[in-house]
> 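My questions will all concern the structure given below.
Atoms within a ligand are numbered from 1 in the order they appear, just like the ligands themselves.
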Amino acid sequence: MYLTKEEEKILDGEYGEILRRCMNLLVSLGDIYGAERLIPITSSQISGVSYKTIKDVGLEFLEDFAKENVKVKVHSTLNPAGMDLDKWKELGIKEEFAEKQLRIIDAFKKMGVEISCTCTPYLIGNLPKFGEHISWAESSAVSFANSVLGAKTNREGGPSALASAILGKTPYYGYHLDENRKAEVMIKLDEELLNLLKSLKFGESFYGALGYLIGKMVKNGVPYFENLYKLNPSNDNLKSLGASMAASGGVALYHAKELTAECKVKEVVDDKIEKISIGIEEIKESYEKLNTTNDKPDLICIGCPHCSLMEIKEIAEFIKKHDIKLDCDFWICTSLHTKAILDRMGHTRIIEKAGGRVVKDTCMVVAPIEEIGYKKVATNSGKAGVYLPSFCKSEVIYGDIKDILKN
Ligand SMILES: C[C@@](O)(CCOP(=O)(O)O)CC(=O)O
Ligand code: SF4
């Protein structure tokens with residue numbers, strides 16, 4: 001890989017051991033994937049934050065970095081942690097976990113990373129422009145940035161996103177190159193399914209179920225949705241679809257006619273593309289696979305990826321209208337930023353009166369919910385449906401949140 005004189009110096013350790021390690025990681029990745037050089041990035045989303053996922057090894061690695069006084073060079077935001085950073089005791093998080101989690105957060109803060117603790121950074125001010133090169137971890141955020149926004153990122157892991165944030169660069173390969181961003185499979189919802197969806201006003205869980213199915217089919221390919229726009233999905237629906245495809249498969253980029261950024265201005269489909277038709281049966285099967293139990297939940301949890309303000313407002317209004325009283329715990333996961341507005345608007349109070357809570361900075365996957373004692377989780381997220389059984393050893397009840405709340 002070609003390196004500038006300055007980059008060579010960093011790799012030789014002239015600017016210290018931490019920068020050398022960061023450069024070494026990026027150069028190794030670049031060599032493996034055939035990058036010709038490094039390119040500048042404008043932002044980074046760093047994952048690997050929860051003590052549950054990174055453990056003591058990760059904590060020590062981050063503290064090593066922080067004590068050498070290295071700082072990030074570009075706007076860098078942080079993925080969810082393993083707990084609400086303020087109200088962790090109320091969630092049932094143990095002291096020892098909290099102490100280590102706060103040390104992780106402190107290390108990131110010292111490096112100049114914004115302690116946003118959300119997987120929807122694009123909703124809180126880390127909003128890359130069309131065509132911009134970025135280095136993001138967190139597979140759902142990667143999918144949203146690449147697809148809905150038309151920014152360019154590979155599916156980074158925590159360490160490579162951090163190294164890129166510190167150096168302000170990323171190796172030029174994969175989804176940074178236009179030739180790798182073409183669609184590979186065309187997905188068409190058949191007429192019968194479209195009609196059913198329109199008539200029944202299928203709720204938000206359809207997008208997670210569809211994503212679950214497509215992710216399994218295309219693995220890490222690039223799908224193109226030919227007629228999804230007919231359902232008029234919201235950005236929240238697209239966020240859910242992308243998250244689910246990234247979880248059941250490895251989809252980091254998708255196109256959807258009329259909906260996503262790149263296919264509006266560029267030809268992304270060629271004539272020879274493989275075509276797949278999706279019908280009612282396949283979607284039903286998806287729901288069946290995501291549902292692992294018929295039992296009642298001990299936790300209802302939504303916000304994977306983190307909920308937007310509008311999603312939560314709608315739920316608060318629904319709770320109020322139907323005078324819902326919950327007989328199990330209910331977490332709505334979101335960012336600190338979104339919660340601040342919810343508090344101010346009175347939505348949090350409505351949710352709390354019904355027995356739920358707005359949980360910020362964390363989520364049902366990266367919080368140690370299995371240690372808290374939850375075993376059966378109801379959710380509307382296809383991504384959570386994939387991860388809950390493995391990350392949290394929990395059973396899953398999958399469906400629309402309004403149905404879950406009414407049952
Ligand atoms: C499952 C996931 O959403 C969260 C856990 O990741 P981490 O602990 O932030 O690396 C990561 C991902 O999908 O990229
Ligand atoms: S809410 Fe979902 S998308 Fe966000 S960090 Fe947790 S697992 Fe990942």
> Can you list the residues that meet the side-chain hydrogen bond (donor to acceptor under 3.5 Å, both in side chains) rule with E282, with sequence neighbours excluded?
none
> Does only the side chain of I54 get under 4.0 Å from ligand 1, or the backbone, or both, or neither? Count heavy atoms.
neither
> Counting heavy atoms not belonging to R37, are there more than 12 under 6.0 Å from its CZ?
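Check passes, neighbour count above 12.
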> Which of parallel (below 30°), tilted (30 to 60°) and perpendicular (above 60°) describes F391 and Y387?
perpendicular
> What pair of heavy atoms forms the shortest contact from S205 to Y287, and how long is it?
OG-OH, 2.7 Å
> So, for T120 and P305, which heavy atoms are closest and what is the spacing to 0.1 Å?
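That would be CG2-CB, 3.9 Å.
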> Can you check whether N79 has an N/O within less than 3.5 Å of an N/O in ligand 1?
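Between N79 and ligand 1, an N or O pair is found under 3.5 Å apart.
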> Tell me the protein heavy atom at minimum distance from atom 14 (O) of ligand 1, and give that distance in Å.
S139 N, 2.8 Å
> Going by chain and residue number, what protein N/O/S atoms come nearer than 2.8 Å to atom 6 (Fe) of ligand 2?
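Near atom 6 (Fe) of ligand 2, below 2.8 Å, one finds C363 SG.
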> Should the pair D323-K320 be classified as a salt bridge under the 4.0 Å nitrogen-to-oxygen rule?
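Here D323 does not pair with K320 in a salt bridge, since their nearest N and O are not under 4.0 Å apart.
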> For the residue pair H133 and Y172, does the interplanar ring angle fall in the parallel (under 30°), tilted (30 to 60°) or perpendicular (over 60°) class?
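The rings of H133 and Y172 stand perpendicular, inter-plane angle above 60°.
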> Under 3.5 Å, side chain of S135 to main-chain N/O of T170, donor-acceptor pair present?
no
> Flag the pair M111 / L62 as yes when at least one side-chain heavy-atom distance between them is below 4.5 Å, and no otherwise.
yes
> What protein heavy atom sits nearest atom 8 (O) of ligand 1, and how far off is it?
T53 OG1, 2.6 Å
> Before signing off on this row, confirm whether S140 and ligand 1 have an N or O atom pair separated by under 3.5 Å.
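No, S140 has no N/O under 3.5 Å of an N/O on ligand 1.
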> Closer than 4.0 angstrom, basic N to acidic O: yes or no for E262 and R181?
yes
> So is there a nitrogen or oxygen of V365 less than 3.5 Å from a nitrogen or oxygen in ligand 1?
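In fact, backbone or side chain, V365 has no N or O that close.
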> Distance under 4.0 Å to a non-hydrogen atom of V366: what atoms of ligand 1 satisfy this?
4 (C), 5 (C)
> Give me the nearest non-hydrogen protein atom to atom 7 (P) of ligand 1 as residue plus atom name, then the distance to 0.1 Å.
G48 N, 3.3 Å
> Can you find an N or O of E138 that's nearer than 3.5 Å to an N or O of ligand 1?
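Between E138 and ligand 1 (N or O atoms, distance only) the closest approach is under 3.5 Å.
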> Spell out, as yes or no, whether a donor-acceptor pair under 3.5 Å connects the side chain of Q101 to the backbone of G82.
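Such a contact is found between Q101 side chain and G82 backbone.
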> Can you tell which part of K52 has a heavy atom less than 4.0 Å from ligand 1: side chain, backbone, both or neither?
neither
> Show the atoms of ligand 2 that are less than 4.0 angstrom away from any heavy atom in E138.
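Heavy-atom distances to E138 below 4.0 Å select 3 (S), 5 (S), 8 (Fe).
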